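To start, the structure under review is shown below, and the notes come after it.
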Amino acid sequence: MISQLPIISIIAPCLNEEQSVKPLVENLLLIINKMSAMGIAHADSYVILVDDGSKDDTWANIEHLHSKYGNKVTGVKLTHNVGHQKALIAGLEHALCRKCDAMITIDADLQDDTECIINMTQHFHQGYDIVYGVRDDRRSDTRFKRNSASLFYRLMRHFEPTIIKNHADYRLMSRRATEMLMQYSERNMFLRGIVPQIGLNSCEIQYSRNPRVAGKSKYPLARMINFAVEGITSFSIVPMRMILILGIVFMICTIAVTIYVISAILIGRTIPGWASMMLSLWFIGSLVLIALGIIGEYVGKIYIEVKHRPRYFVEKTTEDFGSPDK
């Protein structure tokens, strides 16, 4: 149980969300005020908006909101687009530099039900270090998005059983859990897979997905595929093992075909031709290229990790609280 009112930091990455940041902040501040009135969160709870290299007026709107609401709204502007996961890390690291007891990460499009923040905070009072927001209704998503998401989670649970189905990045984490998360130093961050591995006391709450308040999705098909590949190759070597198994299977097939060919030669039933040879060459060539591609994904990740490049750089913030670039 929490002995005093916790300060909650709500973190939202923003990429070209000039139309969304104002209703987002107004909504989140209403939630903070409601939690303060309920006696479950401190009135000094605040919002952090991370501008992930937006090309529109997102940052100008964040500065305006900061000037209007003061320290209740903090903006962090990254020098360029680094991706959703790294922008989340930037927000969490900046929250750790301020006074807060728990962090809640949420998307800027208001598709995640903000009323769940109250429920998350109540579970935090009950002793949970991590509270996952899980979508139980995706009717606002397109049919393709629902089907592709379902396929993604089935694949990920096969490769990484600890992943939470239908959980994106809407979650509460205690300060202790966030500090543990920051000990993961890899550059290829896939938070949906990493957070469950922390192992602290956790629970799930269900909510319904809402339509976007404004703008359009930042996850087109190509980006969704890239995200899926990133997640799978970050947490499992099963694809490489599948290549090994496939190689063994084809070795057995090769031995069987060799026996058949020798038998056919001995009884004089060979028919000269090129079709089978061409098909075999194309088929095996394709398998080799696929295998090289999968291996290349892992080698590429090793290449990125060993260089230890910074995850992001901060261009400026709406207030200076001494957070170094990471």
Side-chain angles (χ1 to χ4, degrees), residues 1-14 17 20-50 65 68-74 88 91-92 94-96 98-141 164-178 181 191-192 195-196 198 200-214:
M1 299 294 291
I2 307 299
S3 59
Q4 59 184 4
L5 292 183
I7 295 178
I8 307 296
S9 174
I10 306 176
I11 300 160
C14 305
E17 297 284 3
S20 301
V21 288
K22 184 175 183 293
L24 171 70
V25 166
E26 291 174 347
N27 190 298
L28 294 178
L29 291 181
L30 283 175
I31 294 294
I32 289 173
N33 292 336
K34 186 183 293 188
M35 291 195 297
S36 177
M38 293 171 64
I40 62 173
H42 200 285
D44 289 340
S45 299
Y46 54 90
V47 178
I48 295 179
L49 303 175
V50 182
L65 290 166
K68 181 177 180 180
Y69 296 109
N71 290 336
K72 300 288 285 185
V73 179
T74 293
L88 280 176
L92 290 168
H94 279 76
L96 286 173
R98 302 184 66 180
K99 187 175 181 180
C100 69
D101 301 290
M103 296 83 163
I104 296 175
T105 54
I106 188 172
D107 289 342
D109 54 18
L110 281 173
Q111 285 193 274
D112 297 324
D113 184 5
T114 55
E115 291 291 328
C116 284
I117 292 174
I118 298 174
N119 198 357
M120 288 179 175
T121 305
Q122 289 172 332
H123 280 77
F124 176 63
H125 278 272
Q126 295 170 15
Y128 291 100
D129 283 282
I130 305 172
V131 184
Y132 299 102
V134 178
R135 304 163 183 169
D136 63 353
D137 184 355
R138 303 187 67 128
R139 285 180 295 182
S140 63
D141 291 338
I164 308 298
K165 183 179 180 182
N166 285 327
H167 164 68
D169 289 296
Y170 188 24
R171 69 178 76 87
L172 175 145
M173 297 181 65
S174 68
R175 188 179 188 91
R176 177 173 67 154
T178 306
L181 174 65
L191 295 177
R192 301 180 200 185
V195 173
I198 294 174
L200 294 176
N201 197 18
S202 65
C203 66
E204 302 175 15
I205 60 172
Q206 307 287 323
Y207 71 95
S208 297
R209 185 90 158 148
N210 300 318
R212 284 184 63 91
V213 66

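Note that the structure is predicted; figures quoted are calculated from it, not measured.
Applying the salt bridge (charged side-chain N to carboxylate O under 4.0 Å, His left out) test to residues at least two apart or on different chains, the pairs with a partner in residues 24-39 are K22-E26, K34-E115. Applying the salt bridge (charged side-chain N to carboxylate O under 4.0 Å, His left out) test to residues at least two apart or on different chains, none of the pairs has a partner in residues 35-50.
In this structure, OG1 on T74 lies 12.0 Å from CD1 on I10, to the nearest 0.5 angstrom. We find the CZ-CD distance between R135 and Q111 to be 7.5 Å, quoted to the nearest 0.5 Å. Note that OG of S36 is 11.5 Å distant from CD1 of I8, once rounded to the nearest 0.5 Å. Interatomic distance, I11 CD1 to Y46 OH, rounded to the nearest 0.5 Å: 7.5 Å. Interatomic distance, CD1 of I31 versus CE of M38, reported as 9.5 Å (0.5 Å rounding). Atom CD of Q122 and atom SG of C116 lie 11.0 Å apart (nearest 0.5 Å).
Residues V47 and L65 form no side-chain contact, since every pair of their non-hydrogen atoms from C-beta on lies 4.5 Å or further apart. Contact check for S9 versus I48: side-chain heavy atoms found under the 4.5 Å cut-off. Using a 4.5 Å heavy-atom cutoff, the side chains of I164 and V195 are not in contact. Under the 4.5 Å side-chain criterion, counting only non-hydrogen atoms from C-beta, R209 is in contact with D112. I198 places a side-chain heavy atom less than 4.5 Å from the side chain of M173. Annotation: side chain of L49 is in contact with side chain of V73 (closest heavy-atom distance under 4.5 Å). Between S174 and I130, every side-chain heavy-atom pair lies at or beyond the 4.5 Å cut-off.
The side chain to side chain donor-acceptor pair (under 3.5 Å) search around T114 returns N27, not counting sequence neighbours. Scanning for side chain to side chain donor-acceptor pair (under 3.5 Å) contacts around N71 gives an empty result, with sequence neighbours left out. By the salt bridge (charged side-chain N to carboxylate O under 4.0 Å, His left out) test, D129 pairs with R176, sequence neighbours left out. With sequence neighbours excluded, no residue forms a ring-ring contact (aromatic ring centres under 6.0 Å, His included) with H42. Not a single side-chain contact (heavy atoms from CB on, under 4.5 Å) links N33 to another residue, sequence neighbours left out. Scanning for side chain to side chain donor-acceptor pair (under 3.5 Å) contacts around N119 gives H123, with sequence neighbours left out. Y132 pairs by the ring-ring contact (aromatic ring centres under 6.0 Å, His included) definition with H167, not counting sequence neighbours.
Looking at every heavy atom in both residues, G127 comes nearest to N201 through O-ND2, 3.5 Å. A95 and C100 make their closest contact through O-SG, 3.4 Å (heavy atoms, listed as atom of the first residue, atom of the second, distance). Residue G39 comes nearest to L5 through the heavy atom pair O-CD2, 2.9 Å, listed as atom of the first residue, atom of the second, then distance. Residues F124 and Y128 approach most closely at CD1-O, 3.5 Å, considering heavy atoms.
Side-chain atoms of T121 come within 3.5 Å of backbone atoms of I117 as a donor-acceptor pair (strictly under, hydrogens ignored). In this structure, S45 contributes its side chain and I32 its backbone to no donor-acceptor pair below 3.5 Å. Listed for the R175 side chain is a donor-acceptor partner under 3.5 Å among the backbone atoms of L96. Side-chain atoms of D107 do not come within 3.5 Å of backbone N or O of D109 as any donor-acceptor pair.
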- Message: Apply side-chain contact (heavy atoms from CB on, under 4.5 Å) to residues D169 and R192 and explain how you reach the verdict.
- Response: CA-CA 7 Å; D169 289 296; R192 301 180 200 185; 3.5 Å; yes
- Message: What verdict does the side-chain contact (heavy atoms from CB on, under 4.5 Å) test give for S208 and D136, after you've listed the backbone C-alpha separation in whole Å, the side-chain angles of each residue and the deciding distance to 0.1 Å?
- Response: CA-CA 6 Å; S208 297; D136 63 353; 3.5 Å; yes
